[in-house]
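Have a look at this one.
Treat the numbers as computed from the prediction; the structure is a model and nothing was measured.
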Amino acid sequence: MSDLWPTELRVTKDRQRLVVTFNDGARFDLSAELLRVLSPSAEVQGHGPGQKVTVPGKRNVAIISMTPTGNYAVRIGFDDLHDTGIYTWSYLRELGEKGAELFAAYERELAEKGMSRDISEKPR
């Protein structure tokens, strides 16, 4: 996948979506909520196996910044002040291709933990 890179990264006017177009023509429309709750940051993913947390209450989160990181990724900042996730091109591609199934798994985790997309509380 190293030969794939984005030719366009565009945040929608309402700041709720990131449109990513890759050099092979694939185009994905990713919600800010998906990007936030599946952030590649240690805060969300943990520092090792079994440390991933479920982040509730992010239905209306917005993208407030995007900062290039080398030639391989972008750091995305959100209006809840989370900005430590570095999204590699391959991770953005994975979110584009598997986003629906990954988000469905996230919603199952929320339900299992008695959490909501609308009520912010400490991740667990």
With sequence neighbours left out, write down each residue that passes side-chain contact (heavy atoms from CB on, under 4.5 Å) with Arg124, or none if nothing qualifies.
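side-chain contact (heavy atoms from CB on, under 4.5 Å) check on Arg124 returns Lys113, Met115, Glu121.
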Check for a donor-acceptor pair, side chain of Asp29 on one end and backbone N or O of Val19 on the other, with a separation under 3.5 Å.
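The answer is no, because no donor-acceptor pair under 3.5 Å joins these two groups.
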Lys/Arg-Asp/Glu bridge criterion (N-O < 4.0 Å) met for Asp80, Arg36:
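A salt bridge links Asp80 with Arg36.
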Donor-acceptor contact present, side-chain Thr7 to main-chain Thr21, <3.5 Å:
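Flag set: sc Thr7 to bb Thr21 pair under 3.5 Å.
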Are Trp89 and Phe28 connected, step by step, through hydrophobic side chains (Ile, Leu, Val, Met, Phe, Trp, Tyr) whose heavy atoms are closer than 4.5 Å?
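Yes, Trp89 connects to Phe28 through the hydrophobic network.
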Does a side-chain N-to-carboxylate-O contact under 4.0 Å join Glu107 and Lys58?
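No, this pair does not count.
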Arg15 (side chain) donor-acceptor with Ile63 (main chain) under 3.5 angstrom:
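Side chain of Arg15 to backbone of Ile63, a donor-acceptor pair under 3.5 Å: yes, one is there.
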Check for a donor-acceptor pair, side chain of Asp79 on one end and backbone N or O of Val61 on the other, with a separation under 3.5 Å.
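No, Asp79 side chain to Val61 backbone: no donor-acceptor pair under 3.5 Å.
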Validate the cation-pi geometry between Arg93 and Phe22: distance from NZ or CZ to the six-membered ring centre under 6.0 Å, angle to the ring axis within 45°.
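Yes, Arg93 sits over the ring of Phe22.
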hydrophobic_cluster_shared for Tyr91 and Met66, side chain cutoff 4.5 Å
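The answer is yes; both residues are in one hydrophobic cluster.
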Working note: Arg27 + Val20, criterion side-chain contact (heavy atoms from CB on, under 4.5 Å); need CA distance, chi angles, decisive distance, verdict.
CA-CA 6 Å; Arg27 183 175 186 267; Val20 183; over 6 Å; no
Say whether Leu18 and Leu4 are linked into one hydrophobic cluster, either directly or through other cluster members, by side-chain heavy-atom distances under 4.5 angstrom.
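Shared cluster, yes.
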When you look at Leu38 and Lys52, which way does the side-chain contact (heavy atoms from CB on, under 4.5 Å) test go after all the steps?
CA-CA 10 Å; Leu38 296 177; Lys52 184 177 184 293; 4.3 Å; yes
I'd like to know if the side chain of Glu101 and the backbone of Lys98 have a donor-acceptor N/O pair within less than 3.5 Å.
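Answer holds: no.
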Taking Thr12 for its side chain and Arg17 for its backbone only, find out whether a donor-acceptor pair lies under 3.5 Å.
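Side chain of Thr12 to backbone of Arg17: a pair is present.
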Backbone N or O of Ser90 within a donor-acceptor pair of the Glu94 side chain at under 3.5 Å?
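Checking the backbone N and O of Ser90 against the side chain of Glu94, no donor-acceptor pair under 3.5 Å is found.
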Strictly by ring-ring contact (aromatic ring centres under 6.0 Å, His included), give each pair with a member in residues 99-124 just once, sequence neighbours left out.
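Residue pairs passing ring-ring contact (aromatic ring centres under 6.0 Å, His included), neighbours aside: Phe103-Tyr106.
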